[in-house]
Number of protein chains: 2
Amino acid sequence: MSATNERLLDAAENGIRLSGYHAVSFRDLADELGIKSSSVHYYYRQKEDLGVALVDRYSKRFFADVEKRAETAGTDEERLRAFCQTYRNALTGSDRICLCGMLGAETCGLPKALADRVEAFFNANIAWISDALNADMPADKRAARAAQILATLQGAMMVATSLKKHRLFDDIVGALFEKPKS
Amino acid sequence: MSATNERLLDAAENGIRLSGYHAVSFRDLADELGIKSSSVHYYYRQKEDLGVALVDRYSKRFFADVEKRAETAGTDEERLRAFCQTYRNALTGSDRICLCGMLGAETCGLPKALADRVEAFFNANIAWISDALNADMPADKRAARAAQILATLQGAMMVATSLKKHRLFDDIVGALFEKPKS
DNA sequence: TGTTACCTATCTAACGATAGATAGACACAA
DNA sequence: TTGTGTCTATCTATCGTTAGATAGGTAACA
């Protein structure tokens, strides 16, 4: 992949994570890179293609990061914390919500191929978390708990950036791990 | 407020909750109502004004519904459940995520006046939930727990609609109230 | 009563800006 | 010479927005 292509994906990812799919235009991306918008079409024939490539790269990087962090984790809870840390890093490293969080909200207004990738990302998230949950939890409860963790992470990013209080993300996710007083 | 004005707000709210602020145009709204886009400008000079009016109406209706449901609630937990029920009804009654959930994700791409209203909506949410939380919880933990509940609700709407599994919302929110096994 | 003035709600028509997209030429490197 | 990457130039469609006309209703006034 060429350097320009990579810069293109970077710019598009930033823009979408900040303001949404429909708020990002080929012209803006081209201007940011110092090229012409027709050159953007050279890399991605349609905007939809750019979106799909974006989610693919994002998803690949995301799970690579999760796996890397989970490698050194001993317990189930440590694996879960590693997962949440990937989200946290995505937020605090860029002040932007998850790419798929944004696209997930916009689902109904997206090209089908793009919406399908986002759906796949979420399903993979839930599958990963389910695996990390304590095995003595019944299977159906594991799925619900996994979905809850995913929803909390996504919602926490959205609320925290919207309120411009990034610490809120930590507070929210921290409460997720709190042991109930016995 | 005239009937046309009301239909206008309805159409705009539906569109934004489905696909986002930038995906909704005055022309589309006008077409849906069977009027001209210039007539939309008669009611709202700028798109920003329409957005602000939309959040104001949404917020007013939202808290009216919450209060109505909470009226008959005896315990703190019942009040909280009433709050969540308002969200659930917004989702299942329309297959759309929260208006402010969508706008919150798009915050960085919105006119400031609009982003401010969304922020105010979330702050009011957190304040309401905090009040409903058990008073013997320390104040700072109440705020974190309130933010967590809000984030979970918002995230649950997004994930559930994105995966087209609306039952998932109930599973997620249900897990929020689950008593830990002692 | 008749007239004048304003208000409401809509229209036609157009503005400049921007959207996504395409065709074809050019330069350069393998 | 073939492919890669970028350009110029352009297209059609749509964006938010504005100006100005029109018709009907209401209210004040002579």
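Quick note: numbers below take in every heavy atom, side chains included, and nothing from hydrogens, waters or symmetry partners. Naming: A, B, ... by sequence-line order, numbering from 1 per chain.
- Ring-centre distance between B:F26 and B:Y44: not below the 6.0 Å cut-off.
- We find that CD1 of B:I35 is positioned 17 Å from P of C:dT8, with the value rounded to whole Å.
- Within the structure, the salt bridge (Lys or Arg N to Asp or Glu O under 4.0 Å) test picks out the following pairs touching residues 142-170 of chain B (sequence neighbours left out): A:E119-B:K164, B:R88-B:D170, B:R167-B:D171.
- Pairs engaging residues 13-26 of chain B under the salt bridge (Lys or Arg N to Asp or Glu O under 4.0 Å) rule: B:E13-B:R17, B:E13-B:R57 [sequence neighbours left out].
- Residue pairs that meet the salt bridge (Lys or Arg N to Asp or Glu O under 4.0 Å) test with at least one member in residues 21-31 of chain B, sequence neighbours left out, do not exist here.
- Separating the CG atom of B:L29 from the P atom of D:dT14 is a distance of 15 Å, rounded to the nearest angstrom.
- As a whole-Å value, the separation of A:N5 CG from D:dG5 C1' is 11 Å.
- Distances shown here put every side-chain N or O of A:T4 at or beyond 4.0 Å from the OP1 or OP2 atom of D:dG5.
- Ring centroid separation for the pair A:W128 and A:F63 does not come in under the 6.0 Å cut-off.
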Return the polar atom pairs (N/O with N/O) between nucleotides 2-4 of chain D and the protein under 3.5 Å, or none.
none

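- Residue pairs meeting the salt bridge (Lys or Arg N to Asp or Glu O under 4.0 Å) criterion with at least one partner in residues 43-52 of chain B, sequence neighbours excluded, are absent.
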Exercise for the section: Can you check each nucleotide of nucleotides 19-30 of chain C against protein heavy atoms at under 4.0 Å and return B for base, S for sugar-phosphate only, - for none, in 5' to 3' order? Expected result: BBBBB-------

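- Note that A:R81 lies in the cation-pi zone of A:F177, set by a 6.0 Å cut-off to the ring centre and a 45° limit from the axis.
- Between the C1' atom of C:dT18 and the NZ atom of A:K36 lies a distance of 15 Å, rounded to the nearest Å.
- Side chains of B:D65 and B:Y87: no donor on one and acceptor on the other come within 3.5 Å.
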